[in-house]
*Asks:* 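Take this structure, written in structure tokens, and hold onto it; I'll ask about it next.
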Protein chains: 2
Amino acid sequence: MSTVNDQQDIKREKILDASYQRFLHYGYSKTTMNEIASDLSLSKALLYYYFPDKSQLYIAVMRKLAADYLKSLEDNIVTFTDLKEAFVFQVNTNHDFIVKNYNFFDSFRLNEQNLPDTIWEIISEIHQSEMKLLSDVFKAEVEKGKIRPVDNPEEIVDLLLDALHAVRVRSISHKKFKLPQKEHLDEIHSKRLLLIDIFIKGLKY
Amino acid sequence: MSTVNDQQDIKREKILDASYQRFLHYGYSKTTMNEIASDLSLSKALLYYYFPDKSQLYIAVMRKLAADYLKSLEDNIVTFTDLKEAFVFQVNTNHDFIVKNYNFFDSFRLNEQNLPDTIWEIISEIHQSEMKLLSDVFKAEVEKGKIRPVDNPEEIVDLLLDALHAVRVRSISHKKFKLPQKEHLDEIHSKRLLLIDIFIKGLKY
DNA sequence: TTACTGACTTTTTTAACAAATTTATCAAAA
DNA sequence: TTTTGATAAATTTGTTAAAAAAGTCAGTAA
């Protein structure tokens, strides 16, 4: 809690902000450490003083994004008692998140091999948090007798999340791959809402 | 209907069979025209007498596969009156088809750009045929009052097909990409059956 | 005339290597 | 402890030559 560390943290944050802007506009591979450094009027070497390498910097930015995203979900989903509302909120939040940070994730779309495992761990953590939040609502709904009890609520929530996630990928598969897919996002979004509607009906008595 | 054309057709079929074996074992890019020719003890030039180029040959094989696949669906799905049974049959048939021809489709997994548009047209045709078959069962079920009427049955069928298809893609996304995914096929299959179950319940009264 | 081939040309892949760019390190200054 | 300029190491990019594969065609055989 010393002032020294506060100062460090502030600088770290500044680096993360500048990096985020660069990654957001140009993606991972088209962003160089020199560019980030000169955006901040710092030497590139200083970046390596605060972060071990480029991929760790990218991961740190992603961690921040993930935390913000999960915060938004946590703050709101606990207030819902209706399972459908909860899923709709998840889909909306997710949609906004993807739209806002679309270019940031270019390293995923062009599936670059050099990304470290940590990336997948973060994604897995996000997924688990979503599962936890939604499963809790699920169980609450079962308690209240609004939907049928099931052996494994997590499995059902996972399945719907899978299906929702998948709608994204499928809708481009029989058109050309190359299309940036960004134009499809809204179509996908409305399809997802419909899927939630039918799926949740299927869970009721 | 002359004997000459019959002979031609027989030879064409032989070429298609040999090509299928090669494509199935080694995939598109690792199969050479010379290999196909020598499998048949023919000159490579003859292949070009029957097919304009390699991609057209591949497409012709794929057309045959698609026809077989659709035949199997058509022969059986019309006999079903239950929508769930129809979807289960679709998923099972699809699963078997993918498992059997897994290597044939390697050109899709490593998304090669050089594949001609015709490939996507074939996939689109398959999808439309599936839509038609399943939509008819859907409408019949509505007629019989077993499920709720909807504005656009095709849209619902499309959505479920999307969701089912998507389950495949999603299940690998937070593990590594590279894994051949073949091991996941059975897990995906059972998830799909569960999805069908819940989704169809959601369509009932 | 139709089915077919060997020899040939063109196109695509692969490998090797130099040049340029970028990542990453480090001794030394502030 | 924080910061930098200089420099080393690694990666990407561009070039070129050789090899492999696709694709063509004049001509033979049935």
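Note on naming: letters A, B, ... go to the chains in the order of the sequence lines (proteins, then strands), and numbering restarts at 1 for each one.
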*Asks:* Would you call the rings of Phe104(A) and Phe23(A) parallel, tilted or perpendicular, taking 30° and 60° as the class edges?
*Replies:* perpendicular
*Asks:* Within the structure, does a side-chain N or O atom of Tyr48(B) lie under 4.0 Å from either OP1 or OP2 of dT24(D)?
*Replies:* no
*Asks:* Check whether any side-chain N or O of Gln8(B) sits under 4.0 Å from OP1 or OP2 of dT2(C), and answer yes or no.
*Replies:* no
*Asks:* For the side chain of Ala45(B), counting heavy atoms from C-beta on, which of dC25(D), dA24(C), dT4(D) is nearest?
*Replies:* dC25(D)
*Asks:* Starting at NZ of Lys54(B) and ending at C1' of dT13(C), how long is that distance when rounded to a whole Å?
*Replies:* 12 Å
*Asks:* Check the distance between dA21(D)'s C1' and Leu47(B)'s CG and give it to me in whole angstrom.
*Replies:* 13 Å
*Asks:* Side chains of Asp106(B) and Tyr26(B): donor-acceptor distance under 3.5 Å anywhere?
*Replies:* no
*Asks:* Separation of Arg22(B) atom CZ from dA22(D) atom P, in whole Å?
*Replies:* 12 Å
*Asks:* OP1 or OP2 of dC4(C) less than 4.0 angstrom from a side-chain nitrogen or oxygen of Tyr50(B), does that happen here?
*Replies:* yes
*Asks:* Which one, dG6(C), dT4(D), dA21(D), comes nearest to the side chain of Thr32(B)?
*Replies:* dA21(D)
*Asks:* Could you check Leu46(A) against Lys30(A) and say which one's nearest nucleotide on DNA chain D is further toward the 5' end?
*Replies:* Leu46(A)
*Asks:* Any side-chain N or O of Lys44(B) under 4.0 Å from OP1/OP2 of dT24(D)?
*Replies:* no
*Asks:* From C-beta outward on Lys11(A), which listed nucleotide comes closest to its side chain: dG23(D), dT3(D), dC25(D)?
*Replies:* dT3(D)
*Asks:* Does the plane of the ring in Tyr58(A) sit parallel, tilted or perpendicular to the ring in Tyr28(A)? Use 30° and 60° as the thresholds.
*Replies:* perpendicular
*Asks:* Please state whether the phosphate of dT3(D), meaning OP1 or OP2, lies under 4.0 angstrom from any side-chain nitrogen or oxygen of Tyr49(A).
*Replies:* no
*Asks:* Tell me: CG of Asp9(A) to P of dT2(D), nearest whole Å?
*Replies:* 11 Å
*Asks:* Taking atom C1' of dG6(C) as reference, at what distance in whole Å does atom CG of Asn34(B) sit?
*Replies:* 12 Å
*Asks:* Rounded to whole Å, how long is the line connecting atom OH of Tyr28(A) with atom P of dT22(C)?
*Replies:* 14 Å
*Asks:* Nearest whole Å is fine: how far is dC4(C) C1' from Arg12(B) CZ?
*Replies:* 17 Å
*Asks:* Quick one: are Leu46(A) and Lys11(A) in side-chain contact, heavy atoms under 4.5 Å?
*Replies:* yes
*Asks:* For Ile36(B) and dA20(D), give me the distance from atom CD1 to atom P, rounded to whole Å.
*Replies:* 19 Å
*Asks:* Crowded around Asp75(B) CG? As in, over 12 foreign heavy atoms under 6.0 Å?
*Replies:* yes
